Amino acid sequence: MKCPLCHSPHVTDYRPFCSRRCADIDLLKWLNADYRVPLEPIGDEESNMRDDE
């Protein structure tokens with residue numbers, strides 16, 4: 001298994017990362033909201049359904 005950030009072999013203590021540095025970089029990305037789930041804008045059909053309720 002390789003580190004998801006730098007692709008070096010992982011170290012058991014920091015699994016799945018290779019080092020504390022990569023683990024901290026990943027945590028910082030989560031805290032800064034760099035990782036996001038893409039959302040699709042609400043289309044006309046869905047907004048019409050909400051208006052009818």
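In this text, all values refer to a predicted model and were calculated from it rather than measured experimentally.
For the atom pair K2 NZ and H7 NE2, the distance stands at 8.5 Å (nearest 0.5 Å).
The side-chain heavy atoms of I25 and F17, taken from C-beta on, include no pair separated by under 4.5 Å.
Of all heavy-atom pairs spanning P16 and H10, the tightest one is O-CB, 3.5 Å. When every heavy atom of C18 is checked against every heavy atom of C22, the shortest pair comes out as SG-SG, 3.8 Å.
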